[in-house]
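Here is the structure we will look at, set down as structure tokens.
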Amino acid sequence: MKKYILYIINLLFAVLTAISMSAQDPNFHIYLCFGQSNMEGQGTIESQDETVNSRFQMMSALDCSNLGHQYGQWYSAIPPLARCYNGLGPADYFGRTMVENLPENITVGVINVSVGGCDIGLFDKVNYANYYTADYIESAAMEYGGSPYARLVELAQLAQQDGVIKGILFHQGETNTGQADWPNKVKAVYDNLISDLNLDPTQTPFLAGEMLYADQGGACASHNAIVANIPNVLPNSYVISAEGLPGQDEYHFNSAGYRTLGERYAQQMLQLIEINTDAPTVTIEEPSTTTFNAPASITISATATDPNGTIQRVEFYNGTTKLGESTSSPYTYSWNNVPGGTHTIRVVATDNDNNEGDNSIIINVQGSYAGTLHAIPGTIEFEEFDVGGNGVAYFDEDAGTNVSPDPNFRSDEDVDIENCDDD
């Protein structure tokens with residue numbers, strides 16, 4: 001019989017109080033940013049950088065008393081956008097350029113989880129602790145709860161309650177310069193993000209920036225030949241040129257370089273996203289809470305309006321799986337016997353010109369592990385806690401599984417489980 005030790009004792013097996021929530025705003029576009037020091041931002045923040053359009057927001061990845069920021073909250077995107085004491089980076093002028101070129105009803109938000117000097121392995125979903133290669137890297141990782149990848153996912157899941165993830169920005173590679181297998185490692189992180197956040201890879205572009213060029217004094221310029229291979233292994237990915245961008249040292253761009261690099265990220269993204277001003281607007285009215293007990297019966301209700309025509313139909317999805325549709329208002333669907341787990345409810349409205357508009361919410365359904373109720377009286381192994389996720393089936397303050405060696409059981413949960421060979 002398998003045995004495990006759980007280090008987190010405060011598991012909650014009862015459903016927590018239902019939390020009211022608002023549906024995603026399809027006009028709030030969110031971009032995930034990760035990497036090492038250049039994505040963190042090492043440029044001097046100048047006066048021109050301290051004023052920003054209120055339509056450009058950042059979600060704080062940390063509690064930063066010096067900035068008045070709290071973890072998981074949205075703020076105007078005044079740098080620094082990553083950790084509390086970083087500088088200007090490419091995400092700054094990415095967001096500024098996006099809002100300048102998008103309709104005024106579109107808001108842009110960024111989430112930046114980056115660690116200077118890190119190997120790409122620090123964003124490995126499971127083996128991240130093997131890449132605490134220096135004290136300052138381990139210290140930075142610990143600010144993110146130990147696992148920068150898990151922190152990025154936690155923040156992204158919070159953000160998905162407010163808006164829609166539209167793409168991923170990446171700048172990393174100096175520490176992995178010359179490693180031919182680096183693109184595959186990058187792809188593995190991207191694939192995990194797509195899976196853990198229930199994203200559609202065809203609708204989630206991945207933008208990877210080049211290193212500082214040799215003619216600008218870049219010590220890692222040779223790695224650009226490997227960066228160029230990312231689109232060969234990762235579909236829907238694009239390389240952002242650093243040609244001609246000035247540096248402040250042999251690894252980092254200067255402030256002017258970061259501004260232009262950010263603009264280049266935005267110019268590429270603007271070519272990829274589609275903004276259809278004729279699309280229907282969808283509002284999800286029900287469910288109004290995020291938590292349920294399995295097997296759940298959930299009524300999905302939505303309103304849909306179209307600026308120029310008539311709504312033909314409204315379709316209801318669990319992720320990419322169609323549940324049903326409605327052709328007349330009120331648009332509703334009854335979803336029965338919903339199993340335990342985390343589900344993305346997506347509602348798509350189509351008008352008579354075949355324009356589509358959509359909206360989504362994420363729900364958590366608490367259910368028995370493996371879908372089978374334990375017999376009472378009887379023995380329940382503690383590690384077979386309910387499905388439904390952190391904050392619903394259990395509570396764990398730390399991101400990821402923070403034990404070594406890595407567990408071989410339920411490694412996708414936050415609960416800290418250690419493999420145990422005791423008799």
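All values reported here derive from a predicted model rather than from experimental measurement. In what follows, every heavy atom counts, from backbone to side chain, and hydrogens, waters and symmetry copies are set aside.
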*At what distance, to the nearest 0.5 angstrom, does CD of Q179 lie from CG of N184?*
12.0 Å
*asked:* Can you confirm whether E356 sits close enough to P280 that some side-chain heavy atom of one is under 4.5 Å from a side-chain heavy atom of the other?
replied: no
*For side-chain contact (heavy atoms from CB on, under 4.5 Å), just list the numbers for Q203 and K166, CA-CA rounded to whole Å, side-chain angles, deciding distance to a tenth of an Å, and then say yes or no.*
CA-CA 7 Å; Q203 301 297 315; K166 303 292 282 189; over 6 Å; no
*When rounded to the nearest 0.5 angstrom, what distance separates CD1 in I111 from CD in E154?*
11.5 Å
*Sub-6.0 Å ring centroid separation between Y31 and F94*: yes
*Is atom CD of E104 surrounded by more than 12 heavy atoms (other residues, nucleotides or ligands) closer than 6.0 Å?*
no
_Derivation and outcome, side-chain hydrogen bond (donor to acceptor under 3.5 Å, both in side chains), residues T107 and H29_ = CA-CA 6 Å; T107 299; H29 294 185; over 6 Å; no
_I165 CD1 to L193 CG distance, which is reported to the nearest 0.5 Å_ = 8.5 Å
*Please tell me if the side chains of W335 and I363 come closer than 4.5 Å, counting only heavy atoms from C-beta onward.*
yes
*Is it true that the side chains of N38 and Y258 contain a donor and an acceptor less than 3.5 Å apart?*
yes
*How far apart are the closest heavy atoms of Y71 and A61, and which atoms are they?*
CD1-O, 3.3 Å
*Looking only at heavy atoms, which two atoms of N359 and P26 are closest? And how far apart?*
ND2-CD, 3.7 Å
_Audit row: H171, I240, side-chain contact (heavy atoms from CB on, under 4.5 Å) steps and yes/no_ = CA-CA 9 Å; H171 198 289; I240 308 304; over 6 Å; no
*Is the ring centre of F34 less than 6.0 Å from the ring centre of F123?*
yes
*Checking T260 side chain against G257 main chain: does a donor-acceptor pair fall under 3.5 Å?*
no
*So, for E243 and E210, which heavy atoms are closest and what is the spacing to 0.1 Å?*
N-OE1, 4.2 Å
*asked:* Looking only at the aromatic ring of each residue, does the gap between the centers of Y238 and F206 stay below 6.0 angstrom?
replied: no
*Is there side-chain contact between I273 and L102, with at least one heavy-atom pair below 4.5 Å?*
yes
_Does D49 form a salt bridge (Lys or Arg N to Asp or Glu O under 4.0 Å) with R259? I'd like the steps, not just the answer._
CA-CA 9 Å; D49 310 313; R259 294 186 190 106; 3.0 Å; yes
*Crowding at CD, Q70 (>12 non-hydrogen neighbours, <6.0 Å)*: no
*Closest approach of V347 and V314, non-hydrogen atoms and distance?*
CG1-CG1, 3.4 Å
_For a side-chain contact (heavy atoms from CB on, under 4.5 Å) check, start with the C-alpha distance between Q161 and I362, then their side-chain angles and the critical distance, and finish with the verdict._
CA-CA 7 Å; Q161 298 178 23; I362 296 174; 5.6 Å; no
_Backbone of N192 reached by a side-chain donor or acceptor of S195 within 3.5 Å_ = no
*Under the 3.5 angstrom rule, does the side chain of H223 hit a backbone N or O of G178 as a donor-acceptor pair?*
yes
*Would you kindly say whether Q36 and T175 are connected by a side-chain donor-acceptor distance under 3.5 Å?*
yes
*Under 3.5 Å: donor-acceptor pair, side chain of R346, backbone of G319*: no
*Can you check whether F253 reaches Q216 side chain to side chain, under 4.5 Å on heavy atoms?*
no
*Distance from Q271 atom CD to M269 atom CE, nearest 0.5 Å?*
11.0 Å
*Tell me, please, whether F56 has R96 positioned over its six-membered ring: NZ or CZ under 6.0 Å from the ring centre and within 45 degrees of its axis?*
no
*Pairwise side-chain contact, Y149 with R151, heavy-atom cut-off 4.5 Å (strictly under)*: no
_E50, CD atom: more than 12 neighbouring heavy atoms under 6.0 Å_ = yes
*Looking only at atom types and distance, does a side-chain atom of N176 sit under 3.5 Å from a main-chain N or O of I120, one as donor and one as acceptor?*
yes
*Does some side-chain heavy atom of I300 sit less than 4.5 Å from a side-chain heavy atom of L323?*
yes
*Return yes if a side-chain donor-acceptor contact under 3.5 Å exists between N364 and T342, otherwise no.*
yes
*Hey, does the side chain of D162 reach the backbone of D25 with a donor-acceptor pair shorter than 3.5 angstrom?*
no
*Spacing of CD1 belonging to I361 relative to CD belonging to E286, to within rounding of 0.5 Å*: 10.0 Å
*Can you check whether H69 and W74 have ring centres sitting under 6.0 Å from each other?*
no
*asked:* As an exercise, state the distance from OG of S60 to CG of L67, rounded to the nearest 0.5 Å.
replied: 7.5 Å
*Below 4.5 Å, heavy atoms only, C-beta onward: do N236 and P201 meet side chain to side chain?*
no
*Carboxylate-amine/guanidinium proximity below 4.0 Å for K125 and D196*: yes
*Do Y213 side-chain atoms and P246 backbone N/O form a donor-acceptor pair below 3.5 Å?*
no
*Qualifying residues under side chain to side chain contact (heavy atoms under 4.5 Å, CB included), relative to A219, sequence neighbours excluded*: E250, Y251
*Grab the two heavy atoms, one from A208 and one from I230, that are nearest each other, plus how far apart they are.*
CB-CD1, 3.8 Å
*Looking only at atom types and distance, does a side-chain atom of S139 sit under 3.5 Å from a main-chain N or O of D135, one as donor and one as acceptor?*
no
_Assess the residue pair V282 and V348 against the criterion (side-chain contact (heavy atoms from CB on, under 4.5 Å)); give the C-alpha distance rounded to whole Å, side-chain angles, the decisive distance to 0.1 Å, and a yes or no._
CA-CA 7 Å; V282 179; V348 180; over 6 Å; no
*Contact check, side chains of M58 and N112, non-hydrogen atoms, under 4.5 Å*: no
_Closest non-hydrogen atom pair between V108 and F28, with its separation_ = C-CE1, 3.9 Å
*Pairs in or reaching into residues 160-249: which pass disulfide bond (SG atoms under 2.5 Å apart), with residues at least two apart or in two chains?*
none
*Ignoring hydrogens and angles, tell me if any N or O in the side chain of D92 forms a donor-acceptor pair with the backbone of L88 under 3.5 Å.*
no
*Spell out, as yes or no, whether a donor-acceptor pair under 3.5 Å connects the side chain of Q160 to the backbone of L197.*
yes
